[in-house]
Amino acid sequence: MTQTSPAQRRELPSTWNPADVEAELYQRWVDAGYFEADANSDRPPFSIVIPPPNVTGSLHIGHAFEHTLMDLLTRRRRMQGYEALWLPGMDHASIAVQALVERQLREEGIDHRELGREGFLERVWQWKEQHGGAILSQMRRLGDGVDWSRERFTMDAGLSRAVNTMFKRLYEDGLIYRAEQLVNWSPNMRTAISDIEVEHREVEGELVTMRYGDGDSALEVATTRVETMLGDTAVAVHPEDDRYRHLVGTEIELPLTGRTIPVIADEHVDPTFGSGAVKVTPAHDPNDFEIGRRHDLPMPTIMDEGGRIADTGTRFDGMDRFEAREAVREALREQGRIVAEKRPYVHSVGHSSRSKEPIEPRLSMQWFVRVGPLAKAAGDAVRDGRVEVHPPELAKRYFDWIDNLHDWAISRQMWWGHRIPIWYGPNGEVVCVGPDEEPPTGEGWHQDEDVLDTWFSSGLWPFSTMGWPDDTADLRKFYPTSVLVTGYDILFFWVARMMMLGLYGMSDRSPEEAVPFRRIALHGIVRDKHGKKMSKSSGNTVDPLQWIDTYGTDAVRFTLARGANPGADAPMSDEWVAGARSFVTKLFNATRFALGKDAFAPERLPDRAELTDADRWILDRCDALVTEVDELLEDFQFAKTVEALYHFTWDEFCDWYVELSKVQLDEGGRRAEHTRAVLGRVLDVLLRLLHPITPFVTEVLWTALTGRESVVVAEWPVPTGEPADAAAAGRIDALRRLVTEIRRFRADQGVKPNQRVAADLEGLETVGLVGHLPAVRSLARLDAPGEGFNASSSMRVGLADGEVTVGIDLSGAVDVAAERKRLTKDLEAARKELDGTEKKLNNPSFTEKAPAEVVDKIRSRRQTALAEIERLNTRLESLPES
RNA sequence: GGGCGCAUAGCUCAGCGGAAGAGCACCUGCCUUACAAGCAGGGGGUCGCUGGUUCGAUCCCAGCUGCGCCCA
């Protein structure tokens, strides 16, 4: 047995003030290089890439949540001896940053277009250096054990090279193409966005029905966007619709434009909706676009990039789309062409998830990724188990989505981002220029003006950050990453893109090794304490940094981990963080107590035979805890892990073992010495288990306890393999029940918790608690019966192996009514139990069909109930009349 | 419109075929030398509704109601 010499010990402060030590501890960890991974080590790899936060972002509660889980997983693996890498970084957020810097420039009175592309980008980089990445310093406050030496940014040279390489490969494989297509257009940002960046929201608009043509050939069509009529090139009806059959093939006058348009028949028209005739605006509506294609209709674009009516040759040109909506409607009204108006008319409208404005379907030339083969491979990787989705229920959602994916619009009409590496020649040449190639020079050559969707570079994140396309030591060691921790809300945006591009980019590897991650741990979003989504508009957002200031990082992390059920949302409130702080304080105080009693972390425990029931019980429980925590964490059951640790720490270790240890310490000698070892061992294990969740307090306590360097690099506990001592556990269980019953009796009788009363205990030998008499007396605050002892009241406690009679000297002040009430209540419960069990046992189908062990269990419960009733009745009868 | 999920103690959530659980909140009593950010004790639920399967249903199945999410 070795012992930490007092000299090695670090002193604990008398109270725990996280703010005093957190920053210093974190810096110490970074300086010591604990978080830096070595690609050349022999240890088995464990790697996580951070879901890159937006360079404009600051730490919000969702980051804190996700980071806590990742840090927890990484710290545990590090302690388990893995070469653990948690790779940090940010993405460049093309649209958000461009908007931000454009706005800044406007405030200075500068139009970014005047500045030119180069000048503008200079300003963006300037902004990035000065204000970008606030989140990185905030991550330190959370205690994130990331490898700062590997920090990455999607616009870094290396990652840009990866983007360029990927583009070129896809292009040459025919998986990237350019086409004029209807895309989701953001007039505010003047760019195309992809399908997933569109959110559908119910809005109150109007449904206007208008009449095209006149007399017999008139048709009524309805729309929520009247202004689009300026771009109509047909009216469509169902081919089987008898009402309109005679009109098909004729031309009809399109009001306000001086044009006539054909009436066509198309099977996709729903004859039961409205009048059964629909206006067709191919350049501004997805369904109409399809109709236009089928019928080879002209597709005039009637809006400019900013959402203003253009090129219609009408007086509406130049009007904003919403202004035009009213103006066109009123113009039609003047002509008596408005047939009906429904207002408000609630319908679903696509909005840009970035700028929040209604998107405008717009025909334009864009670059697309042909997702077919990529999506198939991405689906298969999950289908054949190379990538596990946790919780598995969410895999279905992944399949539903990835198996029905549309081609991905990747060009953005922006300057900030990876410029599309395509050069156009004077004679219509199109050349894709790879990263190490020289672009064509000469008259008339120019590069595509657009940049790539930010998700394109984020999709390469798991390998571009490790040096791809080069064959690097990092890639060899850490790819595929071990687990991806992210929100289910981003499954489509990001996870699917990494799957597609990862499998494609790494296709020179075996299918098993090409996947970007082996497991996907999905979490939900953080909600408020009423389960409401946090949002600025409802004013229920919280600032994790403010919580850290108030309660300490450990408390915040503990709360977040405690709320993390697989795939489920996590409700959060400051009351719960306060509760977590109490836990941290409890742990601190318990350790302080132990150290005050000279507890130490022994290398070897004393021989089991030398230990008490209490020692063996708590050590066995501790062993079971290690197993439980391991099992839960392998399954990403964070909430249950925290629950198990909380319960053990508070309800078993602090409430019982620490109290029992006081009795043992009082005995002195070898008993006290062994108790110090057990206290130290349990704390040693417990602090290590808790470290990934609450890194700061455990670091302080564990180094104080052990005198060793840091718990960050301590070994993760493993079960001892010692068989649990069931007999000891049974006796401790009996002890706890006996003590609780006595406390209950005392409370009923109005005896103050701190008041010692004389009591006589009979029957301890039958329940195996003779040796525990001092403990019972200590925990139940009983004195040995002395001179003139008079058991004015007595109680019988039924335990597994018998019963104990406790005679208590209450100096005559017996509250008979309270006692009667209690006994009556217990009696009622016992009778109910008897009824229930007898009913079952009297049912022949039950005794015949139920498994034998269940029947036995019910029989024994009936026996217990009978004994209990007998005991309570005897006691009730013996009570004096009140 | 299509799909998925959830309804369990005042609140937030576990449990998911054989005795209703936790945290917080609540009530009572305690500053008992680790801890009042604490200790001891206590109250509180026909497990959304209606049927069905089963010896037995909070748990499985069907329908209904009410919420939530995703997609169009």
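This structure is a prediction, so every number in the text was calculated from the model and none was measured.
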request  = Looking at every strand, decide which applies to A:Tyr551 at a 4.0 Å heavy-atom threshold: base, sugar-phosphate, or nothing.
outcome  = nothing
ask   = So what does A:Ser573 hit on the nucleic acid, given a heavy-atom distance under 4.0 Å: a base, only sugar-phosphate, or nothing?
value = nothing
note = With the side chain defined as heavy atoms from C-beta on, A:Lys849 is closest, among B:C30, B:C55, B:C69, to B:C55
ask   = Angle class for the A:Phe653/A:Tyr657 ring planes (parallel below 30°, perpendicular above 60°, tilted otherwise)?
value = parallel
query = Quantified in whole Å, what is the P atom distance between nucleotide B:G44 and nucleotide B:G21?
reply = 13 Å
key: Rounded distance in Å between the C1' positions of B:G1 and B:U54   = 39 Å
inquiry  = Under 3.5 Å for both donor-acceptor distances, Watson-Crick or wobble: does B:U58 have a partner, and if so which one?
reply    = none
Sugar-phosphate only, base, or nothing, as touched by A:Pro844 at under 4.0 Å among non-hydrogen atoms = nothing
C1' gap between B:G15 and B:C47, integer Å = 10 Å
ask   = Which is true for A:Lys597 with a 4.0 Å heavy-atom rule: it touches a base, it touches only sugar-phosphate, or it touches nothing?
value = nothing
note = Taking B:C55, B:A72, B:G41 as options, the one with an atom nearest any side-chain atom of A:Thr740 is B:G41
ask   = If you take atom types as modelled and just measure distance, does the side chain of A:Ser582 reach the base of B:A37 with a donor-acceptor pair under 3.5 Å?
value = no
query = Does a sphere of radius 6.0 Å around CD in A:Glu634 hold more than 12 heavy atoms from other residues, nucleotides or ligands, not counting ones at 6.0 Å or beyond?
reply = yes
inquiry  = Classify A:Arg756 by what it touches in the nucleic acid, base, sugar-phosphate, or nothing, heavy-atom distance under 4.0 Å.
reply    = nothing
ask   = Do any side-chain nitrogens or oxygens of A:Lys640 fall under 4.0 Å of OP1 or OP2 in B:G15?
value = yes
inquiry  = For the P atoms, the ones on B:A14 and on B:C6, what distance do you get once it is rounded to whole angstrom?
reply    = 10 Å
inquiry  = Quick check for you: among B:A37, B:C4, B:G18, whose closest atom lies nearest to any side-chain atom of A:Phe846?
reply    = B:G18
query = Do A:Thr553 and A:Glu22 get their side chains close enough for a donor-acceptor pair, meaning under 3.5 Å?
reply = yes
request  = Go through the side-chain N and O atoms of A:Asp574 and A:Trp547 and say whether any donor and acceptor fall under 3.5 Å apart.
outcome  = no
inquiry  = Among B:C30, B:A40, B:G3, which nucleotide has an atom closest to any side-chain atom of A:Asp655?
reply    = B:A40
ask   = So what does A:Lys662 touch, heavy atoms closer than 4.0 Å: a base, only the sugar-phosphate, or nothing?
value = base
task = Pick the P atom in B:C39 and in B:U32, then give their distance to the nearest Å.
result = 14 Å
inquiry  = Any carboxylate oxygen within less than 4.0 angstrom of a Lys/Arg side-chain nitrogen, looking at A:Asp288 and A:Arg293?
reply    = no
ask   = With sugar-phosphate meaning primed atoms plus P, OP1 and OP2, does A:Glu393 contact a base, only sugar-phosphate, or nothing at under 4.0 Å between heavy atoms?
value = nothing
key: Side-chain N,O (A:Trp401) to OP1/OP2 (B:A72) below 4.0 Å   = no
ask   = Roughly how far apart, to the nearest Å, are B:C11 and B:A25 at atom C1'?
value = 7 Å
message = I want to verify a distance call: between B:A22, B:U32, B:G38, whose nearest atom is closest to the A:Glu643 side chain?
response = B:A22
key: Atom CD of A:Glu838 with >12 non-hydrogen neighbours under 6.0 angstrom   = yes
message = Counting only Watson-Crick pairs (N1-N3 plus N6-O4 or O6-N4) and G-U wobbles (N1-O2, O6-N3), all under 3.5 Å, who is the partner of B:G21?
response = B:C13
query = OP1 or OP2 of B:C11 sitting under 4.0 Å from any side-chain N/O of A:Lys529?
reply = no
key: Whole-Å distance separating the CZ atom of A:Arg859 from the C1' atom of B:G18   = 15 Å
inquiry  = Applying a 4.0 Å non-hydrogen cut-off, can you work out what A:Glu659 is touching in the nucleic acid: base, sugar-phosphate, or nothing?
reply    = base
ask   = In terms of side-chain heavy atoms of A:Asn589, which of B:C13, B:A34, B:A40 is nearest?
value = B:A34
task = Take atom CG of A:Leu841 and atom C1' of B:G18, then tell me their distance rounded to the nearest Å.
result = 12 Å
task = Check the distance between B:A72's C1' and A:His200's NE2 and give it to me in whole angstrom.
result = 7 Å
key: A:Lys839 bridged to A:Asp835 by N-O distance under 4.0 Å   = no
ask   = What nucleic acid atoms does A:Arg861 come within less than 4.0 Å of, heavy atoms only: base, sugar-phosphate, or nothing?
value = base
message = Whether the side chain of A:Lys586 and the base of B:C35 hold a donor-acceptor pair under 3.5 Å is what I'd like checked.
response = yes
task = Looking at every strand, decide which applies to A:Val658 at a 4.0 Å heavy-atom threshold: base, sugar-phosphate, or nothing.
result = base
Distance in angstrom units between A:Asp195 CG and B:C71 P, rounded = 11 Å
Residues A:Glu267 and A:His238: side-chain donor-acceptor under 3.5 angstrom = no
Closest nucleotide among B:G23, B:C30, B:C55 to the A:Lys752 side chain = B:C30
ask   = Within this structure, what is the CZ-to-C1' distance between A:Phe593 and B:G38, rounded to whole angstrom?
value = 15 Å
inquiry  = Between C1' on B:C67 and NZ on A:Lys532, what's the gap in Å once rounded to a whole number?
reply    = 10 Å
ask   = What is the distance from CZ of A:Phe588 to P of B:A37, rounded to the nearest Å?
value = 15 Å
Phosphate OP1/OP2 of B:C70 contacted by A:Arg397 side-chain N/O (<4.0 Å) = no
request  = Would you check if the distance from the ring center of A:His523 to the ring center of A:Tyr488 is below 6.0 Å?
outcome  = no
task = Quick one: label A:Pro753 by what it contacts on the DNA or RNA (base, sugar-phosphate, nothing), any heavy atom closer than 4.0 Å.
result = base
inquiry  = With a 3.5 Å limit on both atom pairs, tell me what B:C67 is paired to, counting Watson-Crick and G-U wobble, or say none.
reply    = B:G5
request  = On RNA chain B, check which nucleotide each of A:Ala590 and A:Asn565 is closest to and give me the residue with the more 5' one.
outcome  = A:Asn565
task = Give one of base, sugar-phosphate or nothing for A:Arg744, where a contact means two heavy atoms less than 4.0 Å apart.
result = sugar-phosphate
task = Determine the interatomic distance between C1' on B:G17 and the same-named atom on B:C59; round to the nearest Å.
result = 6 Å
inquiry  = For A:Ser845 and A:Glu848, which I'm curious about, is there any donor-acceptor pair between the side chains at under 3.5 Å?
reply    = no
ask   = At under 4.0 Å, does any side-chain N or O of A:Tyr488 touch on OP1 or OP2 of B:G68?
value = no
request  = For A:Asn404, report the nucleic acid contact type (base, sugar-phosphate, nothing); a contact means any heavy atom under 4.0 Å.
outcome  = nothing
message = On RNA chain B, does the nearest nucleotide to A:Asp528 precede the nearest nucleotide to A:Arg781 from the 5' side, or the other way round? Give the residue.
response = A:Asp528
task = Please give the nucleotide sitting opposite B:C26 as a Watson-Crick or G-U wobble pair, both distances under 3.5 Å, or none.
result = B:G42
query = Which base sits across from B:C31 as a Watson-Crick or G-U pair, both distances under 3.5 Å?
reply = none
message = From CZ of A:Arg562 over to P of B:U12, roughly how many Å is that when rounded to an integer?
response = 16 Å
message = Using atom C1' in both nucleotides, what's the gap between B:A19 and B:G3 to the nearest angstrom?
response = 39 Å
